[in-house]
Amino acid sequence: MRIEEDLKLDFSDVLIRPKRSTLKSRSEVDVARSFKARHSGKTLTSVPVMAANMDTIGTIEMARALAAHGCNTVLHKFYSVEQLTQFFSGADEALRSHVWLSYGATSRDVEKHAAFEEAMKKAGAGNNMPDRICLDVANGYQEAFVHFVAEFRQRWPESVIMAGNVVTGDLVEQLILTGTDIVKVGIGPGSVCTTRKMTGVGYPQLSAVIECADAAHGLGGLICSDGGCQVPGDVAKAFGAGADYVMLGGMFAGHDECTGEIIDGNPKRMKFYGMSSDTAMDKWHGGVAEYRASEGKTVEVPYRGPVDATIREILGGVRSSMTYIGARTLKEMSKRTTFVRVGRQLNNVFGAS
Ligand code: 5GP
């Protein structure tokens with residue numbers, strides 16, 4: 001047994017210190033970014049905020065709404081080949097370039113992607129085949145996952161591959177060297193995740209982002225901070241810490257574009273659940289397998305109408321944060337960020353549970 005004594009921080013442990021700036025207004029800052037993907041060589045241009053591939057959040061409706069703001073959506077894994085073919089054959093380039101497919105790491109996932117590619121060709125829409133792919137598993141530390149990513153990269157060299165989740169530099173480097181363009185970072189910070197409670201495993205997200213970004217950027221790779229953002233300021237902190245992309249689940253929950261019933265009441269609410277919660281397991285896998293415990297929970301969140309206002313609020317917060325530290329572009333943000341540690345967690349200051 002070993003204890004690592006270095007302090008590790010979450011978003012709520014820090015604030016961003018303001019800096020002298022020549023910027024006069026939020027309208028002077030640019031929240032779009034362009035990256036060159038290390039392996040595929042493709043140029044990726046977007047506002048690097050992503051809706052998570054949870055079945056309530058990563059929907060086609062969400063993709064349309066977020067693409068209108070230049071943001072990304074990672075579609076959940078449960079769309080059928082027919083549904084994907086129908087959507088992508090009718091989607092224009094502006095929409096397609098903001099939508100990611102997602103798969104797990106099994107032979108069924110490889111078969112599904114191959115079948116989808118075939119179906120797109122048959123539909124005469126081969127040119128519309130999406131090339132942005134997220135391969136994700138709860139625990140990216142399994143050797144088999146790294147092999148899976150390597151094989152996927154060999155078979156689809158032209159694709160942009162985002163893979164994860166991990167939280168340490170060693171695995172970031174391994175994943176990048178074996179074919180990943182963007183490493184997804186986060187174990188345990190999710191709003192409906194109970195991994196930390198159920199297993200005792202995790203890593204404070206701000207430190208994970210700082211350390212993983214450093215490892216990735218040293219190799220010409222990129223990272224996506226996944227989970228743990230509760231307010232727009234957390235998204236700004238993730239970018240300040242060095243995240244190239246930021247993925248959000250809970251902040252996009254409760255909108256018209258989400259899957260799920262609106263529950264009547266005052267206020268109206270919507271169900272939101274983790275992908276390894278009992279709810280998701282019952283829905284997609286016929287229950288939680290006997291050998292495993294659920295590592296996600298089910299909650300009700302306030303119903304908030306169309307996601308449009310929420311995405312404006314998030315991007316408004318990030319723009320304002322950039323103005324406070326004089327960062328004209330997102331790329332400048334981490335260079336201009338100094339975090340100050342706060343004496344007590346901001347959750348307590350905000351009065352959140
Ligand atoms: P949020 O933005 O809600 O804090 O976090 C979203 C992220 O939580 C997702 O992108 C995913 O990585 C993670 N997540 C979603 N469902 C579950 C779950 O059931 N268990 C765990 N451990 N993580 C989850």
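Excluded from the calculations below are hydrogen atoms, water molecules and symmetry mates; all remaining heavy atoms, backbone and side chain alike, are included. The chain is numbered in sequence order, starting from 1. Whatever order the structure lists ligands and atoms in, that order sets their numbers, starting from 1.
Between Glu28 and Arg328 there is a salt bridge, with a side-chain nitrogen of the basic residue lying less than 4.0 Å from a carboxylate oxygen of the acidic one. The pair Glu257-Arg64 does not count as a salt bridge, with every side-chain nitrogen at least 4.0 angstrom from each carboxylate oxygen. Checked for salt-bridge contact, Lys77 and Asp109 miss the test: no charged N lies under 4.0 Å from a carboxylate O.
Open room surrounds CD on Gln86; 12 or fewer heavy atoms of other groups in view lie less than 6.0 Å from it.
Partners of Glu93 by salt bridge (charged side-chain N to carboxylate O under 4.0 Å, His left out), not counting sequence neighbours, listed by chain and number: Arg96.
A distance limit of 4.0 angstrom between heavy atoms and ligand 1 selects the residues Ala52, Met54, Asn165, Gly190, Ser191, Cys193, Thr195, Asp226, Gly227, Gly228, Met247, Leu248, Gly249, Gly250, Gly274, Met275, Ser276, Ser277, Glu295, Gly296.
Neither side chain, Asp278 nor Tyr273, offers a donor N or O lying under 3.5 Å from an acceptor on the other.
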